[in-house]
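Below: one structure, written as structure tokens.
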Amino acid sequence: MGNFPDIEFKLGDYVEDFVNFLDEVLEPLFDLIFFISSRFIGAISDVLTWIPWWVFIILIFLLGWYFKSILSGVFYAVFIFLVGTFGLWEYLMMTISIVLTAVIICLVIGVPIGVWMAFSKGFSSVMRPILDAMQTMPSFVYLIPAIFFFGLGNVSAIFATLIYALPPVIRLTELAIRGVDPEVIESAQSFGSSRWQMLKKVQLPQALPTIMAGVNQTTMMALAMVVIASMVGAKGLGEQVLISINRIDIALGFEAGISIVFLAIIIDRVTGGVADKFQKHRRAK
Amino acid sequence: MAKNKIKIEHVSKIFGPKPKSVIPMVRDGMSKAEILKETNHTVGVYDASMEINEGEIFVIMGLSGSGKSTLIRCFNLLNKPTDGAIKVDDENIVKYNASELRKFRQDKIAMVFQHFGLFNHRTVMENVEYGLEIKNVSKEERQKIAQDNIEIVGLKGFEDKYPEELSGGMQQRVGLARALTNDPDILLMDEPFSALDPLIRRDMQLELLDIQERLKKTIIFITHDVNEAFKIGDRVAVMKDGKVVQVGTPEEILESPANEYITDFIADIDRSKILQAENIMFKPNALVSLKDGLKVAIKEMKENGISSVFVVDRGRHLKGIVTIDAAIKGVKEKKTLEDVLDTDVSVVKKEEYVNDIIPKALESKFPLAVVNEDNKLEGLILRVHVLSGLVADDVEESREYHGYMQNNEVNE
Ligand SMILES: Nc1ncnc2c1ncn2[C@@H]1O[C@H](COP(=O)(O)OP(=O)(O)OP(=O)(O)O)[C@@H](O)[C@H]1O
Ligand SMILES: [Mg+2]
């Protein structure tokens, strides 16, 4: 008989217990996170909806122009205009708010972790497998503890997005800090820089182009989570896609889908352009 | 005698997990290669001792891997010595704690790097002011000082450029200005010009000497180029396999290399660019004064077995030369010394490089007269000596070929 013997190891149960335990013990922390991120999203979406639509389109045009080319600017502006004509303007703004919030939190958490990993081999070797796991675990799995901690809604979506999108910024920060030319580090040392001065004035600025590449990746991954995150109640374009799946509404599905693609293109090009600008005065290595 | 600025006492630097454990093995005479094979430790520097005087350019030279960088990086503790003491102004810097070390680096010592080590995210100005920025000097003041130094190295007008936009030579000027801005007593330069092409390198060497003339820093300069070492070094230390094999002035090392290694090292050196007139001249022990007259001149020449003699006035200022033939003829014709004097003598300064006096030596029919800064006659150089100074053999041999001053003592 090829049946597996009757040995049971209920790993899932333990994890569940652990999550329960976390929820109990860390409740104040989760409340705080909830409070901060919901306020954050609220503030950003308030600003975005307060801006008149045409101002927003002009802003997008200017971003495209400054970081890419005038033609790109025109294209991006047209993209955004099209999304508006689909009747998805508010949803677009909501999605942008969620993505922006997620990316900002990613940076605030990710850069220091990356820096710490660059300085500590021990910490780095502990973090690496965790980051691998974060990236390879199917992203749906994060949704469950997210709901558990934060209930349905945007905050859960952000939490799930964070876990998924955090690794690139951490990895690239570590890589970038480690990759700073040792002679440059030494020259900063030779002038008597303190550790903090070194980090602030030399290592981080030197690492910035690479960190920006991480921001680009993180943003794209956050955007990729938009549809999945809508399953835990995130509003915005992802929600529209989800609705269209439920209703088998091809028209809405396509419009919402293509809007996400437009947004992805713009975000990718603009953050890529920012990274290039930072790269400008650097030695090609 | 100049004051000692830095004293290196038995400094060793060993790389590896347990560096101290290796010291006894080196002491017992194991070679660098053996130690690497058996213990997996690299001997960077072993038992280096030297004294560096205030205001001198001290050059450390040696082949690649001989431990020059390892040693110079001990001076500002980028490398912490495994053993030994480094005393700067009589303080052992190896014992400094973190904040003392920071202070020392901020105030006393600065370094110029082989590949410049510039901050490419900062403009030239921002690079140069970095050292002062670290010390929290106000923006206004530090930019003023930085500006002065940018001008000293000749980069006026490039303040807002990024290092990437400059040529290699200009980038190293930024490196130099950045180091000077802290107004350090000691300047460390690890092969600062190696990455530059030869013409630019020569300019930079001259400029460094120029700047040194004005600022009088204590400079420790590393190079693997013997010509560079001898050109700019007041004194030179030669390293081999982590050990210091000889310390001395360029002339001392040229004249009496401590061993085979150094002999090989200096074999390809272009001596004519290192040796100065005073290194190959000798003192005339036959000299005739104008008032001595022809008879005395003839007597001097005969006694010394020479065919001509320099004539000077009372202040040892050169008046001319008289040959034995002209003198004998002059006596017959009842002329005075002044009448037969030949004034067509080529005069060179004591500190002129041999390289530069070659043309004069080739044209002149008499020995060259060497004068000091007061134009007093100091010595003379034979044509053959100029040329023999170029081949690596000793000057002495050539004397035998030339009957000119056979009996003379040589001024060394
Ligand atoms: N950080 C280090 N770890 C291990 N070994 C080192 C380290 N730095 C230097 N060494 C070794 O120490 C020895 C001396 O190296 P060093 O860089 O001082 O030579 P160098 O004279 O400056 O040579 P170059 O002219 O190539 O710069 C070499 O064998 C080198 O491999
Ligand atoms: Mg070196």
Side-chain angles (χ1 to χ4, degrees), chain A residues 67 107 111 114-115 118-122 125 172-216 271 273-285, chain B residues 69 72-73 75-79 96 98-124 126-136 160-166 168 171 174-175 178-179 181-182 184 186-191 195:
Chain A
F67 288 111
L107 284 179
V111 171
V115 169
F119 287 149
S120 157
K121 277 219 175 84
S125 51
L172 283 168
T173 302
E174 181 191 9
L175 187 78
I177 298 276
R178 280 187 195 274
V180 177
D181 183 352
E183 207 180 65
V184 170
I185 301 286
E186 282 184 349
S187 78
Q189 262 173 358
S190 75
F191 284 101
S193 315
S194 66
R195 191 110 184 230
W196 173 241
Q197 285 171 325
M198 171 90 83
L199 183 64
K200 195 174 74 172
K201 292 179 193 286
V202 178
Q203 286 169 303
L204 278 178
Q206 287 276 319
L208 209 53
T210 312
I211 294 178
M212 280 311 296
V215 172
N216 174 282
T271 50
V274 175
D276 287 348
K277 285 257 149 137
F278 277 116
Q279 196 73 49
K280 218 176 135 199
H281 296 298
R282 304 308 167 83
R283 240 180 297 194
K285 273 219 118 171
Chain B
S69 297
I72 201 176
R73 291 152 49 86
F75 285 83
N76 60 355
L77 297 189
L78 284 178
N79 277 341
Y96 278 169
S99 75
E100 285 169 327
L101 175 59
R102 259 206 315 279
K103 188 113 187 39
F104 171 69
R105 286 171 172 172
Q106 287 175 1
D107 296 339
K108 272 209 180 152
I109 198 160
M111 188 157 181
V112 177
F113 293 81
Q114 179 171 6
H115 301 289
F116 321 137
L118 298 178
F119 309 126
N120 54 18
H121 61 283
R122 293 173 152 243
T123 60
V124 169
E126 288 164 348
N127 265 282
V128 175
E129 69 181 323
Y130 182 84
L132 296 174
E133 190 179 323
I134 288 300
K135 296 204 283 188
N136 295 319
D160 297 327
K161 296 268 188 229
Y162 282 87
E164 268 228 312
E165 303 171 89
L166 306 180
Q171 290 191 27
V174 178
R178 184 177 63 173
T181 295
N182 269 31
I186 303 163
L187 204 54
L188 305 177
M189 310 183 85
D190 188 354
E191 302 204 27

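By convention in this document, chain letters (A, B, ...) are assigned in the order of the sequence lines, proteins followed by strands, and residues within each chain are numbered from 1.
Closest non-hydrogen pair, Ile134(B) versus Phe191(A), comes out as CG2-O, 4.0 Å. For the pair Ser187(A) and Gly117(B), the tightest heavy-atom approach, listed with the atom from each and the gap, is OG-O, 2.8 Å.
Distance check, rounded to the nearest 0.5 Å: OG of Ser190(A) to CZ of Phe113(B) gives 4.0 Å. Considering CE of Met111(B) and CD of Glu183(A), their distance stands at 8.0 Å, rounded to 0.5 Å. For the atom pair CG of Asn76(B) and CD of Gln189(A), the computed distance is 9.0 Å after rounding to the nearest 0.5 Å.
His115(B) contributes no side-chain N or O that, together with a main-chain N or O of Val184(A), makes up a donor-acceptor pair within less than 3.5 Å.
Remark: Arg195(A) CZ is loosely packed, at most 12 non-hydrogen atoms of other residues, nucleotides or ligands lying under 6.0 Å away. Applying the 6.0 Å contact sphere to NZ of Lys161(B) captures no more than 12 heavy atoms from other residues, nucleotides or ligands.
Ranked by heavy-atom pairs under 4.5 Å with chain A, the first of Leu188(B), Leu78(B), Ile109(B) is Leu78(B).
Contact residues of residues 99-107 of chain B toward chain A are Arg102(B), Arg105(B), Gln106(B) (heavy-atom distance under 4.5 Å).
Contacts of Arg178(B) with chain A are made by both backbone and side-chain atoms, with heavy-atom separations under 4.5 Å. Of the two parts of Phe119(B), the backbone and the side chain both hold a non-hydrogen atom closer than 4.5 Å to a non-hydrogen atom of chain A.
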Pair Lys201(A)-Arg122(B), side-chain contact (heavy atoms from CB on, under 4.5 Å): steps then yes or no: CA-CA 10 Å; Lys201(A) 292 179 193 286; Arg122(B) 293 173 152 243; 4.1 Å; yes
